[in-house]
There are 2 protein chains.
Amino acid sequence: MRLSSLADYAVVMMAAAARHCGAGAGLDPATRKHVKMNATTLSAETGIPLPTAQKLVSRLSAAGLIESSRGTGGGIRLARPPAAISLADVIEAVEGPIAMTPCAEHGAHDCGLEDECRVRPHMNAVTGAVRGALAGVTLASLSGRAH
Amino acid sequence: MRLSSLADYAVVMMAAAARHCGAGAGLDPATRKHVKMNATTLSAETGIPLPTAQKLVSRLSAAGLIESSRGTGGGIRLARPPAAISLADVIEAVEGPIAMTPCAEHGAHDCGLEDECRVRPHMNAVTGAVRGALAGVTLASLSGRAH
DNA sequence: CTCAAATCGGACTGATTCGTTCCGATTGCC
DNA sequence: GGCAATCGGAACGAATCAGTCCGATTTGAG
């Protein structure tokens with residue numbers, strides 16, 4: 001009942017990225033240097049080891065939460081406004097779907113225990129509650145703006 | 001963001017135990033044979049491997065959720081009524097305190113990242129929400145009585 | 001009172017997953 | 001066209017977890 005270290009790091013990193021993103025959309029050609037972020041910058045700011053930060057950038061980019069551009073002067077930026085990215089999105093991007101039990105993932109994955117499992121429907125409800133709690137916190141609220 | 005297999009098994013096992021416990025307190029000398037439960041019985045009923053069931057019995061007993069008596073004719077019984085045992089109790093008994101992040105466990109366990117972590121207070125709130133969702137489901141509701 | 005059976009309790013082994021690190025592919029600037 | 005800096009994926013080591021086994025303890029019968 002504890003999220004993995006990578007997910008924890010990802011949340012901290014995305015919060016830092018949202019903080020640098022400022023109030024604007026995150027990409028304006030004029031002051032691009034100010035919002036320029038990359039794995040090295042985020043690593044130095046958050047204290048996360050650089051290789052780990054790179055790995056997280058890869059996963060978050062593959063999940064569509066950030067957009068990355070390669071090459072010299074490249075970097076990353078949030079794909080959506082901070083208010084539209086929740087903890088559930090970040091956690092699911094790093095460690096897969098949020099599901100308390102394996103049977104609550106694909107929908108009809110029999111666990112093999114008990115012909116008529118009476119625990120599963122309640123587990124689905126619990127999963128929904130947990131997911132709702134995580135979806136209710138956005139990066140905007142983590143950046144300290146909308147306390 | 002998924003509870004361990006042992007915790008899942010423990011929930012199923014405790015639900016089965018609560019079902020056999022019936023509506024009464026769970027221990028009456030006259031019909032003791034009816035509510036007699038042990039690791040072997042629960043294993044056969046739930047499909048959980050016997051050694052694993054034994055391990056779970058040990059942990060649940062150490063946590064004070066069930067009371068065990070050794071020797072011939074011994075067995076286990078719930079220490080409290082099913083309505084007074086929640087999923088949070090069972091999960092904490094098996095896999096330790098419920099805490100999303102390591103810093104939310106002892107209270108002041110600095111993670112070393114960022115001097116002023118602005119994510120932690122929100123993580124505490126999320127941890128509370130998850131814990132509340134798990135504490136809201138009791139063994140009585142899992143047994144199908146109080147739907 | 002002695003013996004024997006049955007149970008819980010703790011310790012060990014193997015495996016899977018997680019976290020970390022390193023190296024290659026790709027792109028923009030000079 | 002060459003160079004430098006960046007992301008992307010692959011490989012290694014470590015830790016935790018799931019599962020299994022055997023010993024300590026207690027009760028019941030003879």
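Letters go in sequence order (proteins before strands), and every chain restarts at 1.
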With a 3.5 Å cut-off and heavy atoms only, can you find an N or O donor on one side and an acceptor on the other between the side chain of B/Thr72 and the base of C/dA6?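 Not at all, since no donor on one side and acceptor on the other fall under 3.5 Å apart.
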Kindly say whether, by distance alone, the side chain of A/Arg70 makes a donor-acceptor pair under 3.5 Å with the base of C/dA25?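 Yes.
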What does [X] touch in the nucleic acid at a heavy-atom separation under 4.0 angstrom: a base, only the sugar-phosphate, or nothing?
| X | result |
| --- | --- |
| B/Thr52 | base |
| A/Ala62 | nothing |
| A/Thr40 | nothing |
| B/Ser58 | base |

Is it true that a side-chain atom of A/His122 and a backbone atom of B/Val137 form a donor plus acceptor pair closer than 3.5 Å? no
Nearest whole angstrom, please: distance from the [atom2] of [N] to the [atom1] of [X].
| X | N | atom1 | atom2 | answer |
| --- | --- | --- | --- | --- |
| A/Arg59 | D/dC7 | CZ | C1' | 15 Å |
| A/Asp8 | C/dC18 | CG | C1' | 14 Å |
| B/Ile76 | C/dC8 | CD1 | P | 6 Å |
| A/Leu56 | C/dG19 | CG | C1' | 10 Å |
| B/Arg2 | C/dT17 | CZ | C1' | 12 Å |
| A/Leu6 | C/dT21 | CG | C1' | 13 Å |
| A/Tyr9 | C/dC18 | OH | C1' | 12 Å |
| B/Lys55 | C/dT7 | NZ | C1' | 17 Å |

Point-to-point distance, once rounded to the nearest 0.5 Å, from CG of B/Leu134 to CE of A/Met123: 7.5 Å
Given side chain to side chain contact (heavy atoms under 4.5 Å, CB included), test B/Ser86 with B/Asp89 step by step and report yes or no. CA-CA 5 Å; B/Ser86 67; B/Asp89 297 327; 3.2 Å; yes
Mind listing the closest non-hydrogen atom pair of A/Ala99 and A/Thr127 along with its distance?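 It is CA-CG2, 3.9 Å.
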Which nucleotide in the list D/dC7, D/dG8, D/dT20 gets nearest to the side chain of A/Ser61?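 Taking heavy atoms from C-beta onward, the closest nucleotide is D/dG8.
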Is any side-chain N or O of A/Ser5 closer than 4.0 Å to OP1 or OP2 of C/dC18?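 No.
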If the cut-off is 4.0 Å, is A/Ser69 near the phosphate of D/dT6, judged by side-chain N/O to OP1 or OP2? no
B/Gly71 or A/Ala7, whichever maps to the more 5' nucleotide of DNA chain C: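 With B/Gly71 and A/Ala7 compared, the 5'-side residue is B/Gly71.
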More 5' along DNA chain C: A/Leu50 or B/Gln54, using each one's nearest nucleotide?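 Final value for this comparison: B/Gln54.
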Is any NZ, NE, NH1 or NH2 atom of the basic residue among A/Arg131 and A/Glu92 found under 4.0 Å from an Asp or Glu carboxylate oxygen of the other?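 Salt bridge present between A/Arg131 and A/Glu92.
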